[in-house]
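Below: one structure, written as structure tokens.
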Amino acid sequence: MSDAPLVEIQDLSFGYSSARQILSDVTLSVPRGKVVALMGGSGCGKTTLLRLIGGQVRPDRGYVKVAGEVIHELDQAGLYRMRRRMGMLFQFGALFTDMSVFENIAFQMREHTDLPEDAIRDLVLMKLNAVGLRGAAELMPSELSGGMARRVALARAVALDPMLVMYDEPFAGLDPISLGVVGQLIRRSNDALGATSVVVTHDVQQSLHIVDYVYLMADGRIVAQGTPDEMRASTHPTVHQFIHGEADGPVAFHYPAGDYAAALGIMHG
Amino acid sequence: MAERGSIATVGAFTLGAIRRLGQATLFLGQVLRHSGTSLTRPALTVREIYFAGALSLIIIMVSGLFVGMVLALQGYDTLQTYGSEEKLGVLVALSLVRELGPVVSALLFASRAGSAITAEIGLMKATEQIVAMDMMAVHPVARVVAPRFWGAVLSMPLLAALFSAMGIFGAYIVGVRLLGVDVGAFWAQMQAAVDFEQDILNGVIKSAVFGVGIAAVATFEGFDAPPTAEGVSRATTRTVVHSSLLVLALDLVLTGFMMRMWGE
């Protein structure tokens, strides 16, 4: 059982409405202890896939299995039991703005454990020290820079030592130093906690440095997969376009639209 | 054809309003089901009583004072015509305790605290704090909504009582101190005429019902707000408009019910 992947996704399809399919027949697995990246351009369904893993939405077809349990078959209590073993870093941090940094990290400890205040204090300071922000414990989220907020959110995501940590665009909007720091923290916390991590990102260079395996998504499908070295060496057109940041290619520059000349009212002679 | 279009528009509007009312009712049920946390951890509710109630004290007290003063001025003018100035205390006290206290304080509360509750919950939703909490296996309705709901419900009768008290004090200043109404008559007639059950208790019941209405509208609008700046702003406006109308409508129903019940 321990050799089975922690996350198994089979033939998963999902759309917020019947008219627009977000994910189509996605199949992938995330081995235990690994850091796996879900890469792809904006709007390709990466974040939706995280929401399906976390049970925030139900699939139209297929399933997501975490630790052997099919997520959409769990009732509310079962889903909450599962989520206590998951951590999630949101794209914009989603820190509780009415609580200090310390209280943000302590939140889940207070909600889910009966730990005495002294133990909570020690644990929170350890988590904050791991992201280098022990000195910022008493600050409010509004007093943090973008990079600091992301590190606090990271500390909060791993506050209860989860088995699975999901990162939604952890590198978005960070300066180069913060980018490297957050990348290293993701890798380090995964290895130190013995956790499994899923990183949703479109930051190619940063993520290829820290992940063990990559799934590349386009238009709601997995179009390529492999280790970072395999991805770098790939001649697959979509992989090549994505890794090298080319504006046009299999992933079209233009959103589907009618004839340009007709839209401008230019008659073809 | 145009007629059919306008009928369809009215129909769609009506169906939309009924659907939304149904959603709000289901949401209220959900809040009540998840109210256990607010009882087992009173500190959460006390914090919201501070934000909704204590921080509304200034506006409620100052407004109550002014309303009482104006009532005294207007009442004195009319009563004087009939030589009944000593009835001023009764007029002011009954007006405030039965109607103006609960209704005006509820309208002020909807504008001051209801809008704040909607904006706060709406912004928490827009900044993914609500979904983050849900992902941490903490039910947002239990942790965020229910304490705010009960905080508002418990604050409302206290604020209405303070409004009435300040109003009576304002009337005393204007009536007794400035216009020369006899102080003994002012208080004694008031004491004799104001009934605990028919007047004070009914006022408290009214304000408690208004509190439930405002809290339900404010929390529902916040929780249901589209997670955008425009969505939160519209939801906040809707809270003030809908809860104010709800207070006035409930007041009519409650007043009719209470008058029939007490045989007046």
Side-chain angles (χ1 to χ4, degrees), chain A residues 47-48 50-57 66 71 74-99 103-114 141-142 149 152-154 156-160 162 164-169 172 198, chain B residues 26-27 29-31 33-34 36-52 54-55 113 116-148 151 219 222-223 225-229 232:
Chain A
T47 299
T48 302
L50 278 195
R51 296 182 62 161
L52 282 153
I53 297 173
Q56 291 173 52
V57 286
V66 179
I71 293 295
L74 295 171
D75 59 7
Q76 170 100 26
L79 189 61
Y80 271 15
R81 200 176 57 245
M82 179 64 78
R83 284 181 183 172
R84 287 183 198 192
R85 300 164 69 198
M86 295 177 176
M88 183 153 181
L89 182 140
F90 286 82
Q91 186 171 356
F92 299 105
L95 294 175
F96 301 129
T97 43
D98 58 340
M99 297 180 197
E103 291 301 323
N104 264 281
I105 313 291
F107 182 77
Q108 290 180 83
M109 299 174 193
R110 294 196 203 286
E111 294 291 328
H112 294 315
T113 71
D114 295 322
S142 58
V152 173
L154 199 152
R156 189 180 68 174
V158 297
L160 289 183
L164 173 67
V165 192
M166 294 179 278
Y167 300 91
D168 188 6
E169 302 284 8
V198 179
Chain B
L26 288 175
F27 180 77
Q30 208 185 353
V31 173
R33 269 203 314 282
H34 286 96
T37 312
S38 302
L39 298 172
T40 53
R41 292 166 63 184
L44 291 175
T45 309
V46 169
R47 181 181 177 277
E48 301 310 328
I49 290 175
Y50 171 75
F51 281 114
L55 295 183
I117 290 171
T118 301
E120 192 184 12
I121 297 176
L123 281 172
M124 285 183 79
K125 191 178 173 192
T127 52
E128 293 188 310
Q129 294 178 53
I130 296 285
V131 67
M133 196 173 277
D134 196 32
M135 279 302 295
M136 291 177 196
V138 176
H139 205 295
V141 172
R143 185 62 173 71
V144 173
V145 177
R148 283 166 175 76
T219 50
F223 206 75
T228 59
V232 175

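Small disclaimer: the values here were computed from a predicted structure and weren't measured. The figures here come from the full heavy-atom set of this structure, side chains too, leaving out hydrogens, waters and symmetry mates.
Only the side chain of A:Met166 comes within contact range of chain B, with heavy atoms under 4.5 Å apart. Heavy-atom distances place the backbone of A:Leu95, and not its side chain, under 4.5 Å from chain B.
Across all non-hydrogen atoms, the minimal contact from A:Pro141 to A:Met99 is CD-O, 3.0 Å. The minimum heavy-atom distance linking A:Leu164 with A:Val66 is given by the pair CD2-CG1, 4.2 Å. The two residues B:Phe223 and B:Pro140 have their closest heavy-atom pair at CE1-CB, 4.2 Å. Between A:Val165 and A:Pro162, the shortest heavy-atom contact is CG2-CG, 3.7 Å. B:Ile121 and B:Ile130 make their closest contact through O-CG1, 4.3 Å (heavy atoms, listed as atom of the first residue, atom of the second, distance). Among all heavy-atom pairs drawn from B:Ala132 and A:Ala94, the shortest one is CB-CB, 3.9 Å.
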Short donor-acceptor contacts under 3.5 Å linking chain B with chain A:
unit_1   : atom_1 : unit_2   : atom_2 : d
B:Arg41  : NH1    : A:Glu111 : OE1    : 3.1
B:Arg41  : NH1    : A:Glu111 : OE2    : 3.1
B:Arg41  : NH2    : A:Glu111 : OE2    : 3.1
B:Arg47  : NH2    : A:Asp98  : OD2    : 3.3
B:Gln129 : OE1    : A:Thr97  : N      : 3.2
B:Gln129 : NE2    : A:Thr97  : OG1    : 3.2
B:Asp134 : O      : A:Arg83  : NH1    : 2.9
B:Asp134 : OD1    : A:Tyr80  : OH     : 2.4
B:Asp134 : OD1    : A:Arg83  : NH1    : 3.4
B:Asp134 : OD2    : A:Arg83  : NH1    : 3.2
B:Met136 : O      : A:His112 : NE2    : 2.6
B:Arg143 : NE     : A:Glu111 : OE2    : 2.7

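Between chain A and the residues B:Val131, B:Leu123, B:Val138, the largest count of heavy-atom pairs under 4.5 Å involves B:Val138.
A:Phe92 CZ: 12 or fewer foreign heavy atoms inside a 6.0 Å radius.
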